[in-house]
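Below is one structure; the comments refer to it alone.
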Amino acid sequence: MKFQLSGVLFSVLGVVVIALSFLLPFCPKLDDMEMTCHLSQFAEKILGIVILGLGIASFVFPQKIVRGFIALEVFVASVLVALFPTAILGTCPHVHMHCHAIAAPVLLLVGVLFALISIGVAVVLLRRARNESRHV
């Protein structure tokens, strides 16, 4: 089995998102009331698990074309990492809250960075797959 850099990279990205969902300051769930930042934190955990799963899938499917499409799926998940705390679900509206001032900007930055990385990987893998299919 060849070393799969994309699989390692996406697995690490997934672990980073999962770790950030635990380490960044989000408001705790209060009795029966769920804060929007708590829902964003839960969504980030799920997205991290999805990205980790896609990284593991990159090991299972060694074909460049498949790994290229997996990279596109990681791109979509990374965009959602950026959008959930900032635009889709949001965080607490008060600017002095840690979830608003720290967690949302960090996840926006991480999501955009991971999206750029994954789209770069997708372009490289899909170009290589196209070039290999032409030479066959």
For the [atom1] atom of [X] and the [atom2] atom of [Y], what is their distance to the nearest 0.5 Å?
| X | Y | atom1 | atom2 | answer |
| --- | --- | --- | --- | --- |
| Ile88 | Leu80 | CD1 | CG | 5.5 Å |
| Leu24 | Gln41 | CG | CD | 8.5 Å |
| Leu47 | Ser78 | CG | OG | 8.5 Å |
| Phe61 | Ile56 | CZ | CD1 | 12.5 Å |
| Lys45 | Phe26 | NZ | CZ | 9.0 Å |
| Leu13 | Ile18 | CG | CD1 | 11.0 Å |

- Hey, does the side chain of Ser21 reach the backbone of Glu44 with a donor-acceptor pair shorter than 3.5 angstrom?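 The answer is no, because no donor-acceptor pair under 3.5 Å joins these two groups.
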Could you check whether any side-chain N or O of His100 sits under 3.5 Å from a backbone N or O of Val95, counting only pairs where one atom can act as donor and the other as acceptor?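 Absent.
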Are [X] and [Y] connected in the hydrophobic side-chain network, where two residues link if heavy atoms are under 4.5 Å apart?
| X | Y | value |
| --- | --- | --- |
| Leu23 | Leu113 | no |
| Val50 | Val12 | yes |
| Phe59 | Phe10 | yes |
| Val124 | Ile65 | no |
| Leu107 | Met97 | no |

Shortest non-hydrogen separation from [X] to [Y] and the atoms involved:
| X | Y | answer |
| --- | --- | --- |
| Lys64 | Ala129 | CB-CB, 3.9 Å |
| Ser11 | Leu52 | O-CD1, 3.6 Å |
| Ala43 | Leu89 | CB-CD1, 4.1 Å |
| Thr91 | Cys99 | CG2-O, 3.6 Å |
| Ala82 | Val112 | CB-N, 4.1 Å |
| Val121 | Ala71 | CG1-CB, 4.1 Å |

message = Quiz question: by atom type and distance under 3.5 Å, do the side chains of Ser58 and Arg67 form a donor-acceptor pair?
response =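 No pair is found: no donor N or O on one side chain lies under 3.5 Å from an acceptor on the other.
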Just wondering, do [Y] and [X] contact through their side chains at under 4.5 Å, heavy atoms?
| X | Y | result |
| --- | --- | --- |
| Leu9 | Ile117 | yes |
| Ile119 | Leu72 | yes |
| Pro85 | Cys37 | no |
| Ile70 | Ser6 | no |

Q) Quick check: are there more than 12 heavy atoms from other residues, nucleotides or ligands sitting under 6.0 Å from CZ of Arg127? A)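 For Arg127, atom CZ is not crowded (no more than 12 foreign heavy atoms under 6.0 Å).
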Original post:
Applying ring-ring contact (aromatic ring centres under 6.0 Å, His included), which residue pairs with at least one partner in residues 65-95 are found, sequence neighbours left out?
Top reply: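 Residue pairs passing ring-ring contact (aromatic ring centres under 6.0 Å, His included), neighbours aside: His94-His96.
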